[in-house]
S.K.: 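One structure coming up, written as structure tokens, with questions to follow.
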There are 2 protein chains.
Amino acid sequence: MAEKSETGLPRAVMIAWGMEEAPQRGPSRGLSHERIVAAGIELADAEGLGAVTMQAVARSLGFTTMSLYRYVSSKDELLLLMQDAALRLPERARLPEGWREGLRAWAELVRDAYRSHPWVLGIPRGQSSVLMPNSMWAADLGLGVLADLELDMEAKVGTILVVSQLAASMVELEEDLAAEGLLATTAAGSALLGEVITPERFPHIAGLFATNARAGGEESGEDLPVIDGGTLGVDDEFGLGLSLIIDGLERRVARSRV
Amino acid sequence: MAEKSETGLPRAVMIAWGMEEAPQRGPSRGLSHERIVAAGIELADAEGLGAVTMQAVARSLGFTTMSLYRYVSSKDELLLLMQDAALRLPERARLPEGWREGLRAWAELVRDAYRSHPWVLGIPRGQSSVLMPNSMWAADLGLGVLADLELDMEAKVGTILVVSQLAASMVELEEDLAAEGLLATTAAGSALLGEVITPERFPHIAGLFATNARAGGEESGEDLPVIDGGTLGVDDEFGLGLSLIIDGLERRVARSRV
DNA sequence: ATACACGGTGTATGCCGTACGCTGTCTGCG
DNA sequence: CGCAGACAGCGTACGGCATACACCGTGTAT
């Protein structure tokens, strides 16, 4: 699917690693991959991924749409480059010593990266993503935290992967919920939901809705958001998931040490 | 962002719960939400999310494009409906008794749902997703597994959420990797990568590449895929993540019990 | 000096979602 | 019983998108 140059690597990977030999002949270039990618990121940060069109990127650089194609072979390729560039973790990150705190800090780092460029989550991360420089660096940083742990490499890689996926998922969820102020449901809507989410059909989850639905009569007047995802903030969900993983990891280490 | 009817609920939610009162006057309807959604799912299953266009869906039903808009107010709304419909878990799922095995089985159920309709992952799941019937049912089922656990509701909801996100992430990863046969990198490409992924710059991860890169000289002849994501299959990554979470959960319960 | 590789541009194509207005149909009200 | 009006399905049209292609001017390797 992703185009490969004759090197066997997707072109986006080549570009991101700076392995793209600059042409020798012809006029000097007025643009660069870096500038194009930066322009795309700026646009995405300001107005979302939907605002990133070839035309918009080119215009913001003062060039025509088609000029971009001298540097990037498709929009998808540009998006891949933007994705990697946006996920750059600090070069010299100071992480706490112990692996527990270290992993926690690393997770926070990854999460912050997603948080400051949430649109990244809207880009399908193909197989090439793993080969990109910043993705590589993030993985290396994470593995460094677990370096001294008595665990085989596979499990370490798996852990890093799971934690980073957790971070991504939570940021995505966070964005979704923020998009319209919580699960903004008015009292009227909540009452409607209460009619179908009955204890008979949903024995375990109905409770979460019933309490609030009952309170929202006609008199409350205001259109309060009634449901808020179980009153547990996304922040805490992230912390919980992370804690579970860390605890689980600790136990696994302890068991293997025997 | 998501349009709300005067009930305060997004229209997609209303439709999915069957709360959309059918019109009284006028000709009888030749279509239905169900048929449209089913047609969309069929298309997505067969040719991917990209093949789902209003025109294609309409054509597959023998109607014109614009007729769909009598049932669905936008393509996004249709995608939301497809997402929920595709994630239906079996109504009468028999899950193992113990919460550990039960949670594992539930996770497998969720994962299978994503697996049989991977395109669902390409649909941004907005805040309304949580209010959709099948999403609700999945959550209820999951909470049922944890019902007897001595844990506050918030933590249970959090667990369910984290596990389902894990399942989604792993299926997505799985799809990405399968898209082009592993991280299909030829020996030549791997050698190139070896030049930039040096032990100095990537002390912890370089090892994963070095071993293979060294082997791939000119003589090997074949263009073998050299890197495969750390030799750990996505299947195992999922199992690992799940184990970590379950172990972590067990510990949390034990600790709170004192 | 010159051939030609290459940068930037303008134009054109085809696909997309969807707004709008039309025609014909069915129903609840008078 | 009849009719106004709500509603189904359709055709047309528009604006936006990614991108193929032909063109011209530029600068370097020969």
Side-chain angles (χ1 to χ4, degrees), chain A residues 1-3 5-6 11-12 15 20-37 39-40 43-44 47-82 119 122-124 126, chain B residues 1-3 5 11-12 15 20-37 39-40 43-44 47-82 119 122-124:
Chain A
M1 197 147 282
E3 351 263 288
S5 53
E6 69 279 6
R11 235 179 75 93
I15 295 174
E20 200 72 356
E21 67 275 14
Q24 311 297 41
R25 305 226 245 289
S28 52
R29 315 188 102 180
L31 278 174
S32 66
H33 295 119
E34 289 77 9
R35 283 187 63 200
I36 294 176
V37 170
L43 262 172
E47 309 174 52
L49 200 55
V52 180
T53 72
M54 296 306 265
Q55 357 243 347
V57 172
R59 193 177 336 117
S60 86
L61 288 166
F63 285 76
T64 56
T65 308
M66 291 312 291
S67 67
L68 299 186
Y69 286 92
R70 291 283 171 193
Y71 299 82
V72 155
S73 52
S74 73
K75 185 186 178 182
D76 283 342
E77 193 174 290
L78 171 57
L79 289 180
L80 269 182
L81 292 171
M82 287 171 54
W119 45 265
I123 302 174
Chain B
M1 198 148 282
E3 354 260 288
S5 52
R11 236 180 74 94
I15 296 174
E20 200 72 356
E21 66 274 18
Q24 311 297 44
R25 306 224 245 286
S28 53
R29 315 185 102 180
L31 278 172
S32 65
H33 295 119
E34 288 77 11
R35 283 188 63 198
I36 294 176
V37 169
L43 262 171
E47 310 174 53
L49 199 55
V52 180
T53 71
M54 296 305 265
Q55 358 244 344
V57 172
R59 193 177 336 117
S60 86
L61 288 165
F63 284 76
T64 57
T65 307
M66 291 313 292
S67 67
L68 300 187
Y69 287 92
R70 290 283 172 191
Y71 299 82
V72 154
S73 53
S74 74
K75 186 186 179 182
D76 283 342
E77 192 174 291
L78 170 58
L79 289 180
L80 269 181
L81 292 172
M82 286 171 55
W119 46 264
I123 303 175

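Below, chains carry the letters A, B, ... as their sequence lines are ordered, and counting in each starts from 1. Predicted model only: the values in this text are computed from it and were never measured.
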S.K.: Tell me whether the side-chain N/O atoms of Arg29(A) come closer than 4.0 Å to OP1 or OP2 in dG7(C).
M.R.: yes
S.K.: To the nearest Å, how far apart are Leu61(A) CG and dG7(C) P?
M.R.: 16 Å
S.K.: Just the rounded figure in Å: distance from P of dC3(D) to CZ of Arg25(B).
M.R.: 17 Å
S.K.: Is Leu80(A) close to Ile15(A) at the side-chain level, that is, under 4.5 Å between some pair of heavy atoms?
M.R.: no
S.K.: Which pair of non-hydrogen atoms, one from Ile123(B) and one from Leu79(B), has the smallest distance, and what is that distance?
M.R.: CD1-O, 3.6 Å
S.K.: Tell me which of Ser67(A) and Gly26(B) sits closer to the 5' end of DNA chain C, going by the nucleotide each one is nearest to.
M.R.: Ser67(A)
S.K.: Give a yes/no answer on whether the side chain of Thr64(B) brings an N or O atom under 4.0 Å of OP1 or OP2 in dC10(D).
M.R.: yes
S.K.: What distance do Gln55(B) atom CD and Met66(B) atom CE have between them, rounded to the nearest 0.5 Å?
M.R.: 10.0 Å
S.K.: Rounded to whole angstrom units, what separation is found between the CE atom of Met66(B) and the C1' atom of dC20(C)?
M.R.: 8 Å
S.K.: If you take atom types as modelled and just measure distance, does the side chain of Arg70(B) reach the base of dG9(D) with a donor-acceptor pair under 3.5 Å?
M.R.: yes
S.K.: Is any side-chain heavy atom of Met82(B) closer than 4.5 Å to a side-chain heavy atom of Trp119(B)?
M.R.: yes
S.K.: Pairs under 3.5 angstrom, nitrogen or oxygen only, protein versus nucleotides 14-17 of chain C, please.
M.R.:
| residue | atom | partner | partner atom | Å |
| --- | --- | --- | --- | --- |
| dG17(C) | OP1 | Lys75(B) | NZ | 2.8 |
| dG17(C) | OP2 | Met54(B) | N | 3.1 |
| dG17(C) | OP2 | Gln55(B) | NE2 | 3.2 |

S.K.: Write down the distance between CD (Glu20(A)) and P (dC6(C)), rounded to a whole number of angstrom.
M.R.: 12 Å
S.K.: A side-chain contact here means heavy atoms from C-beta on lying under 4.5 Å apart; do Thr53(A) and Leu43(A) qualify?
M.R.: no
S.K.: Please report the closest heavy-atom contact between Met54(B) and Thr65(B), naming both atoms and the distance.
M.R.: CB-CG2, 3.8 Å
S.K.: What is the separation between atom CG on Leu79(A) and atom P on dC17(D), rounded to the nearest whole Å?
M.R.: 14 Å
S.K.: Figure out the CZ/C1' separation between Phe63(A) and dT9(C), and round it to whole Å.
M.R.: 11 Å
S.K.: Rounded to whole angstrom units, what separation is found between the CD atom of Glu21(B) and the P atom of dA6(D)?
M.R.: 15 Å
S.K.: Measure the distance from CD on Glu77(A) to C1' on dA18(D) and round it to the nearest whole Å.
M.R.: 14 Å
S.K.: Calculate, to the nearest 0.5 Å, the distance between atoms CZ and OH belonging to Arg35(A) and Tyr71(A) respectively.
M.R.: 9.0 Å
